[in-house]
Visitor: 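Would you mind keeping the following structure in view while I ask a few things?
Whatever order the structure lists ligands and atoms in, that order sets their numbers, starting from 1. Remember, it's a predicted structure, so these values are computed and weren't measured experimentally.
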Amino acid sequence: MTLPTEPVPTPGVVTRIAAGRPVRAVWRNELGGVTFEVTGGEFVKVYPPGAAHLLAAEVPRLRWARRYTPVPEVLAAGPGWLHTARLPGYSAVDPRWADRPDIAARAIGTGLRRLHDALPVADCPFARPSWVPAGAPPADRLVVCHGDACSPNTLLDDEGAFSGHVDLGDLGVADRWADLGIATMSLDWNFPTEGPGGFQELLLDAYGVAADVDRVAYYRRAWDGDEPAAG
Ligand SMILES: Nc1ncnc2c1ncn2[C@@H]1O[C@H](COP(=O)(O)OP(=O)(O)OP(=O)(O)O)[C@@H](O)[C@H]1O
Ligand SMILES: [Mg+2]
């Protein structure tokens, strides 16, 4: 989950898609997947064989969600790779916001509120995110969750306002606290600060909700795999 520090070999599929345009690796995830940016406004995510199913799951979710909210357009996909058009904006963990966690926190909260308000639960063809236990407590509010609401998956515009979401492979119906618990936790990973919970509060303020301490704790345990799958 970082910017690659060492040179990353360019896979054949990326070279083929780039067709002579310059390519650079912009992100490496913890599964060994790498995201490449192709000059001219395109991205290609390439995952190792053991994780290819995660990309296959992302394709229909991006196509469905895009009808309601800003997420990348799928240009093409195949086994272990996903080619999208660039969604304008800069990740909430882009260096330009490194000393402005308040900007990132507000945009992430605003973005999740927009997502939860925009996506119709009744029409959602996707079940709950993979890490959410079937026996989760009764929902505060059932919404279509992003499913991986970590800071890098929210994009901001030049002014620091929410502009879109990426990385929708685990999108599905769940309590809104499945996203809010992880989004607030992820802020601490990406913007470590001395003050307890200050930026988390900004995120929840921008979303428009008061912290639900029990549900936050429950979904963080579930994310860590510490809640039984059947509840
Ligand atoms: N279509 C796009 N438009 C703009 N930025 C993009 C696009 N696709 C990917 N990115 C950028 O690349 C980064 C990595 O993409 P993404 O989050 O989809 O990959 P991932 O490997 O699944 O991430 P994770 O580490 O969360 O598993 C994003 O945080 C975003 O900054
Ligand atoms: Mg991501």
Visitor: How long is the straight-line distance from NZ of Lys45 back to OG1 of Thr84, given to the nearest 0.5 Å?
Guide: 8.0 Å
Visitor: I want to know if ligand 1 touches Asn153 in the polar sense, i.e. an N/O pair below 3.5 angstrom.
Guide: yes
Visitor: For ligand 1, which atoms sit closer than 4.0 Å to a heavy atom of Ser91?
Guide: 31 (O)
Visitor: Within less than 4.0 angstrom of ligand 1, does Ala85 place any heavy atom?
Guide: yes
Visitor: Does some side-chain heavy atom of Leu112 sit less than 4.5 Å from a side-chain heavy atom of His165?
Guide: yes
Visitor: Distance check below 2.8 Å: does Asp167 bring an N, O or S atom to the Mg ion (ligand 2)?
Guide: yes
Visitor: What I want to know is whether Pro152 and ligand 1 share at least one N or O pair that is separated by under 3.5 angstrom.
Guide: yes
Visitor: Do you know the tightest heavy-atom contact between Gly147 and Asp179?
Guide: N-OD1, 3.0 Å
Visitor: Any idea which atoms of ligand 1 are less than 4.0 Å away from a heavy-atom of Arg86?
Guide: 1 (N), 3 (N)
Visitor: Tell me, please, whether Trp177 has Arg141 positioned over its six-membered ring: NZ or CZ under 6.0 Å from the ring centre and within 45 degrees of its axis?
Guide: no
Visitor: At a 4.0 Å cut-off, with the gap strictly under it, does some heavy atom of Tyr90 reach an atom of ligand 1?
Guide: no
Visitor: How does Asp148 reach ligand 1, by side chain, by backbone, by both or by neither, if only non-hydrogen atoms under 4.0 Å count?
Guide: side chain
Visitor: Any ion pair linking Asp117 and Arg113 (charged N to carboxylate O, less than 4.0 Å)?
Guide: yes
Visitor: Quick test of your reading of the structure: of Trp27, Phe43, Tyr47, Phe36, whose heavy atom lies closest to atom 5 (N) of ligand 1?
Guide: Phe43
Visitor: Of the listed options (Glu37, Lys45, Glu58), which comes nearest to atom 19 (O) of ligand 1 when hydrogens are ignored and any heavy atom counts?
Guide: Lys45
Visitor: Near the Mg ion (ligand 2), is there an N/O/S atom from Thr35 that is less than 2.8 Å away?
Guide: no
Visitor: Once the angle between the rings of Trp189 and Trp223 is folded into 0 to 90°, is it parallel (under 30°), tilted (30 to 60°) or perpendicular (over 60°)?
Guide: tilted
Visitor: Does any N or O atom in Leu87 lie less than 3.5 angstrom from one in ligand 1, N or O only?
Guide: yes
Visitor: Taking the six-membered ring for Trp and the single ring otherwise, decide whether the centroids of Tyr207 and His116 are under 6.0 Å apart.
Guide: yes
Visitor: Is there a path of hydrophobic side-chain contacts, each under 4.5 Å between heavy atoms, that joins Ile108 and Tyr90?
Guide: no
